[in-house]
Amino acid sequence: LRKGWRTAPFAKDEVQAPFQAAAEVVTVVRARLDDQRGGGFVMRRVEGCSIHFMWEWNPGRPPGSSREALVDFFRGLVFSTLSDGRGLVEGLDKETVEYYV
């Protein structure tokens, strides 16, 4: 993307708000996980599986095309950032993440 090898399936300007909102949610969730753990070092893949989520987004449904698409993009970004190839990480479950979303 940075070197022009691929074209993102959405425009940069239409995803700024959901990116910011998702970053805030993920930050809060990870801070709560750290508090529950009582400190210490945790090795995390910062972006989780969000790269895959973004490249798989349907280019025919831009996040800015409707409120529903925007909410789906935001929600998907949060869940994919808190996931690895096997699902949600660090003992998270769907209900917990939905609470913060």
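Throughout, residue positions are numbered sequentially from 1 according to the sequence presented. Note that the coordinates shown come from a computational prediction; the quantities given were computed from them, not determined experimentally.
One hydrophobic cluster holds both F53 and V15 under the rule that ILVMFWY side chains link at heavy-atom gaps under 4.5 Å. Linking ILVMFWY side-chain heavy atoms closer than 4.5 Å, directly or via other members, places V101 and L88 in a single hydrophobic cluster. Residues V25 and L77 do not share a hydrophobic cluster, clusters being chains of Ile/Leu/Val/Met/Phe/Trp/Tyr side chains in contact below 4.5 Å. Put simply, V97 and V71 are part of two different groups of oily side chains (I, L, V, M, F, W, Y) that touch within less than 4.5 Å, one to the next. Y99 and V29 fall within the same hydrophobic cluster, defined by Ile, Leu, Val, Met, Phe, Trp and Tyr side-chain heavy atoms under 4.5 Å apart, directly or through other members.
Residues F74 and F19 place their aromatic rings such that the two centres sit no closer than 6.0 Å.
For R44 and D34, the salt-bridge test passes: some basic side-chain N is under 4.0 Å from an acidic carboxylate O. Using a cutoff of 4.0 Å between basic side-chain nitrogens and carboxylate oxygens, R45 and E47 are scored as salt-bridged.
Contact check for P62 versus E14: side-chain heavy atoms found under the 4.5 Å cut-off.
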TODO: Go through the steps to decide whether E24 and Q20 satisfy the test side-chain hydrogen bond (donor to acceptor under 3.5 Å, both in side chains), and finish with yes or no.
DONE: CA-CA 6 Å; E24 290 175 13; Q20 181 65 40; 3.2 Å; yes

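Side-chain N or O atoms of R30 include one that pairs as donor or acceptor with a backbone N or O of V46 at under 3.5 Å.
Considering CD of E90 and CG of D84, their distance stands at 10.0 Å, rounded to 0.5 Å. To the nearest 0.5 angstrom, N58 atom CG is 11.5 Å from D72 atom CG. In this structure, OH on Y100 lies 12.5 Å from OG1 on T27, to the nearest 0.5 angstrom. Between atom CG of residue L33 and atom CG of residue L92 there is a gap of 5.0 Å, rounded to the nearest 0.5 Å.
The minimum heavy-atom distance between C49 and G85, with the atom names listed, is SG-N, 3.7 Å. Nearest heavy-atom pair, S50 versus S80, reported as atom, atom and distance to 0.1 Å: CA-OG, 3.3 Å.
Note: F73 and F10 have perpendicular aromatic rings, judged against thresholds of 30 and 60 degrees for the angle between ring planes.
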